[in-house]
Visitor: 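A single structure is presented below for examination.
Order of appearance sets the numbers: ligands from 1, and atoms from 1 within every ligand. Values in this document were obtained by computation on a predicted structure and should not be read as measured data. Hydrogens, waters and symmetry mates are skipped; everything else that's a heavy atom, side chains included, is used.
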Amino acid sequence: KVVKVRVPATTANLGPGFDTFGLALTLYNEFEVEEEDGVYIESYPKNEFIENPENNLFIKVIKYLCEAEGKTFHGARLKQTVNIPVARGLGSSATAIVAGILTGFAVHKKPLTDEEFFKVAYLFEPHPDNLLPAWKGGFITALKTEDKTYYSKMDFPKEIKAVVVIPDFELSTEKARLVLPSQVPLKDAIFNLQRSALFIRALEERRYDLLKVVMEDRLHQPYRKNLIPNFDKVIQSAYENGALGACLSGAGSTILALATENFDKIGLSMVEAFKEVSINAEYKVLEVDT
Ligand code: HSE
């Protein structure tokens, strides 16, 4: 039996909502899998030789779920279409985890509850702000306690598109978290609290003029921007060319601009700003996956 799932890219944080906000975008990874003796992976668009297919995250998740059912995992043949670049802050690993969970639960004919989802997903990655929009689509606000994750999905204005500017260097989330301080000044916490609360209202009331100020952040970007050459200039170029808001996508290295027009102009100017520091980047104009 062949199981096929498609999971969207996600952009976490959206500026002030560090570890809280996540948005699904119309760029997808696809996973098509069937039972097989041994593990085989075909990867598109470019089919590179994969040395240790057992280390593939999707395979690890389905193997885990198979063994959790008390069965022996004999293997699988996976055809994956990878459209989301890895280690760029676009939730590529969340797609593999979510796809693995959806596949495993479909194969074992078990209903997937929130509790079951998080129990498995958090074994592989601790970020609900990527996992949830990858699973549910749309714009998600998430809150994770020791034993439970609470969340809400909210309508995101359809006329807003995301211009994602993807530089040609990878940045692991682990590395991008290591540069963060363990404590922040109270005034910086207030700075983000005010902005993240008003960000939600700006979306609900379609007050797009607020997006620039509410997408500022003092909890992660000031530290992470040292890992992204010309970060300030790329953000500035987005605003100069008509972006409503701009921020680091997840832990980076992608930079995201939100806009209702001038998408190509914004994307090109941001690519140009990366070029000033000899970094090649490409941009994509994406919609919100609902
Ligand atoms: N909120 C997380 C971070 C997302 O910014 O580190 C990781 O993908």
Visitor: May I ask you to decide if the ring planes of His220 and Phe18 are parallel, tilted or perpendicular, using 30° and 60° as cut-offs?
Guide: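 It falls in the parallel class, under 30°.
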Visitor: In residues 78-87, what donor-acceptor pairs under 3.5 Å come from side-chain atoms, sequence neighbours left out?
Guide:
unit_1 : atom_1 : unit_2 : atom_2 : d
Gln80  : OE1    : Asn56  : ND2    : 3.4
Gln80  : NE2    : Ser43  : OG     : 3.0
Asn83  : ND2    : Tyr28  : O      : 2.8

Visitor: Please tabulate, for side-chain N and O atoms in residues 186-204, each donor-acceptor pair with protein atoms closer than 3.5 Å (sequence neighbours left out).
Guide:
unit_1 : atom_1 : unit_2 : atom_2 : d
Asp188 : OD1    : Arg218 : NH1    : 3.4
Asn192 : OD1    : Arg218 : N      : 2.8
Asn192 : ND2    : Pro16  : O      : 3.0
Asn192 : ND2    : Asp217 : OD1    : 2.9
Arg195 : NE     : Val213 : O      : 3.1
Arg195 : NE     : Glu216 : OE1    : 3.0
Arg195 : NH1    : Phe191 : O      : 3.1
Arg195 : NH2    : Glu216 : OE1    : 3.1
Ser196 : OG     : Asn192 : O      : 2.9
Ser196 : OG     : Leu193 : O      : 3.3
Arg201 : NH1    : Glu204 : OE1    : 2.3
Arg201 : NH2    : Glu205 : OE2    : 3.0

Visitor: Among Thr141, Asp114, Thr20, Asp129, which residue meets the side chain to side chain donor-acceptor pair (under 3.5 Å) test with Tyr151?
Guide: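 It is Asp114; the other options fail the test.
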Visitor: Cut-off 3.5 Å, side chains only: do Asp289 and Thr26 have a donor facing an acceptor?
Guide: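 Distance-only check fails for Asp289 and Thr26.
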Visitor: Can you give the donor-acceptor pairs under 3.5 Å from side chains of residues 249-259 to other protein atoms, not counting sequence neighbours?
Guide:
unit_1 : atom_1 : unit_2 : atom_2 : d
Ser249 : OG     : Thr11  : OG1    : 2.7
Ser249 : OG     : Gly89  : O      : 2.7
Ser253 : OG     : Phe169 : O      : 2.8
Thr254 : OG1    : Arg88  : O      : 2.8

Visitor: Taking any residue with a non-hydrogen atom under 4.0 angstrom from an atom of ligand 1, which ones do you get?
Guide: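 Ala12, Asn13, Phe18, Asp19, His127, Asp129, Asn130, Thr173, Arg177, Arg224, Gly250, Ala251.
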